[in-house]
Structures are given as structure tokens and as C-alpha cells.
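Numbered from 1 within each chain, the chains take letters A, B, ... in sequence-line order. Quick caveat: nothing in here was measured; it's all calculated off a predicted structure.
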Amino acid sequence: TQLLEQSPQFLSIQEGENLTVYCNSSSVFSSLQWYRQEPGEGPVLLVTVVTGGEVKKLKRLTFQFGDARKDSSLHITAAQPGDTGLYLCAGGGNYGQNFVFGPGTRLSVLP
Amino acid sequence: GAVVSQHPSWVICKSGTSVKIECRSLDFQATTMFWYRQFPKQSLMLMATSNEGSKATYEQGVEKDKFLINHASLTLSTLTVTSAHPEDSSFYICSAKSGGGDTQYFGPGTRLTVL
């Protein structure tokens with residue numbers, strides 16, 4: 001069974017600060033996805049990373065897929081209150097792997 | 001593109017009744033749909049995977065007779081919670097994907113409260 005771990009579990013920062021959240025596994029994944037979920041809503045896909053070492057940028061968000069495709073990171077520059085939410089990584093679904101979600105990182109950006 | 005809708009958004013029902021939740025892919029054909037449940041402040045837990053025209057595959061610990069899933073077309077899957085009890089109260093979320101890609105697109109969720 002493939003498991004995804006995320007750290008930190010909770011993060012509370014001031015507006016304007018930078019932060020990085022991590023998604024780790026002992027298994028190799030064909031791809032990893034990052035989602036953001038707000039209370040009472042479904043997760044919204046932010047990015048899919050496929051190639052080991054890949055870096056993708058989405059405005060102030062930078063996503064990186066580890067060279068071995070076992071881990072990923074999400075870096076947010078100059079965080080804003082609108083970035084508040086639950087950040088979930090997910091992977092699998094191919095090559096016989098079950099699709100799994102990490103436990104999430106709950107981010108709170110204070111004005 | 002890749003929009004998934006769910007209906008209803010929220011539902012309150014009495015214990016012992018059945019509730020049906022619909023999940024639709026609006027602008028693409030979903031060969032595979034997934035049903036998740038999420039408890040407050042927790043991550044998503046996969047309940048079952050369904051492919052159009054086939055029986056759903058349930059995760060370990062999920063009662064197939066209690067959570068009936070029907071994926072009758074490439075744009076519609078339904079989850080029926082039968083004989084609902086208060087412990088079934090949760091946030092139910094569906095997702096859909098097309099073809100062999102990994103990416104799933106999620107619906108907005110349905111909040112079920114069983115009194």
C-alpha cells in the first residue's frame with residue numbers, strides 16, 4: 001500500500017511570509033497532484049507533476065517533483081490570506097497503484 | 001473545462017431513510033468515477049471506484065450493500081446511502097477522470113446529515 005505523508009500538518013503564518021509544505025512517500029509515483037480545498041467545498045486541482053525533477057510555477061506557487069518521484073514540495077511566496085486552505089497531495093492510479101491522498105497541510109495566513 | 005457537479009449540495013434526512021447523491025461530468029466523458037468521504041478536518045478517504053457499465057470496486061471496510069454505486073453512463077454516477085444512520089453523516093465528494101491519465105477532477109461535495 002502506497003502512503004503519502006505531508007508536513008507540516010498545520011501552519012499559521014503572517015501575510016507576506018514564504019512557506020514550503022512537503023509530501024513524501026517511500027513509493028515511486030507515476031505522477032503527483034496538488035490540490036487546495038476550502039471548507040465545505042471539493043478539492044481544486046492546482047498542478048500535476050509527472051517527470052522526476054520537474055518544477056512548475058503557478059503565480060506565487062512553485063511545485064517540485066523529486067528526482068526519484070517519491071516526494072514533492074509546494075513553495076508559496078509572499079503568502080496572502082486567500083491562500084488559506086487545506087493543501088492535499090495525491091498520487092497513484094496507474095501501474096496498478098491505488099490513488100491515495102496525503103493527510104493534508106492546513107494553512108492559515110493571517111492578515 | 002473538466003467540470004464536475006454534484007447534487008444535492010447538502011441533504012438532511014431521518015435515520016433509516018435512503019439518500020441518493022448524483023455526480024456528473026459536465027464537459028467531458030468520465031470513464032472512471034470515484035467516491036470519497038471526508039470527516040471534519042481530515043483528508044479524503046476513497047470509498048469506491050466505478051467504471052462506466054461495470055460494478056464498482058469498493059475499498060476495504062466499505063459496505064457495498066450500504067453504499068450503492070451506479071455508473072450508468074459516461075457522465076453520471078450515483079451514490080445511494082441506504083438505511084442511513086447518524087454515523088453516516090459526512091461530506092461526500094466525487095471525482096472523475098477520463099482515459100488513462102492520473103488527474104482527477106472533483107465535484108463540490110455533498111454534505112449529508114442524518115438525524
Side-chain angles (χ1 to χ4, degrees), chain A residues 1-11 21 23 25 27-51 54 56 63 65 69 72 84-108, chain B residues 1-11 21-26 28 30-51 57-62 90-113:
Chain A
T1 302
Q2 301 80 31
L3 290 176
L4 283 168
E5 298 176 345
Q6 287 187 245
S7 61
Q9 266 189 293
F10 302 96
L11 187 57
V21 298
C23 174
S25 174
S27 301
V28 175
F29 284 90
S30 56
S31 66
L32 278 179
Q33 293 81 46
W34 284 93
Y35 296 85
R36 190 176 92 206
Q37 184 182 27
E38 298 191 31
E41 298 182 11
V44 175
L45 178 67
L46 297 174
V47 77
T48 298
V49 286
V50 178
T51 306
E54 181 178 7
K56 282 191 173 179
F63 305 85
F65 200 12
R69 292 187 293 148
S72 182
T84 294
L86 178 66
Y87 288 82
L88 296 159
C89 68
N94 274 342
Y95 311 143
Q97 296 171 326
N98 293 324
F99 191 82
V100 294
F101 273 89
T105 293
R106 193 165 295 280
L107 172 65
S108 178
Chain B
V3 178
V4 177
S5 71
Q6 278 185 245
H7 178 80
S9 300
W10 55 271
V11 56
I21 302 170
E22 292 186 350
C23 176
R24 293 181 186 272
S25 57
L26 299 185
F28 67 102
T31 51
T32 307
M33 285 186 166
F34 305 84
W35 287 95
Y36 295 83
R37 66 188 295 182
Q38 185 178 32
F39 292 106
K41 304 197 177 203
Q42 294 187 23
S43 189
L44 282 72
M45 289 178 48
L46 180 64
M47 299 175 66
T49 302
S50 73
N51 293 296
T57 302
Y58 290 81
E59 294 299 298
Q60 195 170 14
V62 178
S90 189
F91 194 48
Y92 291 87
I93 308 174
C94 74
S95 70
K97 70 172 188 173
S98 64
D102 291 342
T103 301
Q104 298 182 22
Y105 298 94
F106 285 81
T110 296
R111 183 159 301 284
L112 169 64
T113 301

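Both the backbone and the side chain of B/L44 come within less than 4.5 Å of a heavy atom of chain A. Of the atoms belonging to A/Q6, not a single heavy atom falls under 4.5 Å from chain B. Contact of B/Q6 with chain A is not made at all, since no heavy-atom distance falls under 4.5 Å.
Residue A/Q9 holds its CD atom at 11.0 Å from OG of B/S43, rounded to the nearest 0.5 Å.
Taking the six-membered ring for Trp, A/F101 and B/F106 have ring centres closer than 6.0 Å.
Here the shortest heavy-atom pairing between B/F91 and A/Q37 reads CE2-NE2, 4.0 Å. Taking every heavy atom of both residues into account, A/L86 and B/Q38 meet most closely at CD2-NE2, 4.0 Å.
Open room surrounds CD on A/E5; 12 or fewer heavy atoms of other groups in view lie less than 6.0 Å from it.
Ranked by heavy-atom pairs shorter than 4.5 Å toward chain B, the options A/A90, A/G104, A/G42 are led by A/G42. Annotation: maximal heavy-atom pairing with chain B below 4.5 Å, among A/G40, A/P39, A/P43, occurs at A/P43.
Scanning for side-chain hydrogen bond (donor to acceptor under 3.5 Å, both in side chains) contacts around B/S25 gives an empty result, with sequence neighbours left out.
At least one side-chain heavy atom of A/Y35 sits under 4.5 Å from a side-chain heavy atom of B/Q104. Residues A/L45 and B/Y105 are in side-chain contact: their nearest non-hydrogen atoms beyond the backbone lie under 4.5 Å apart.
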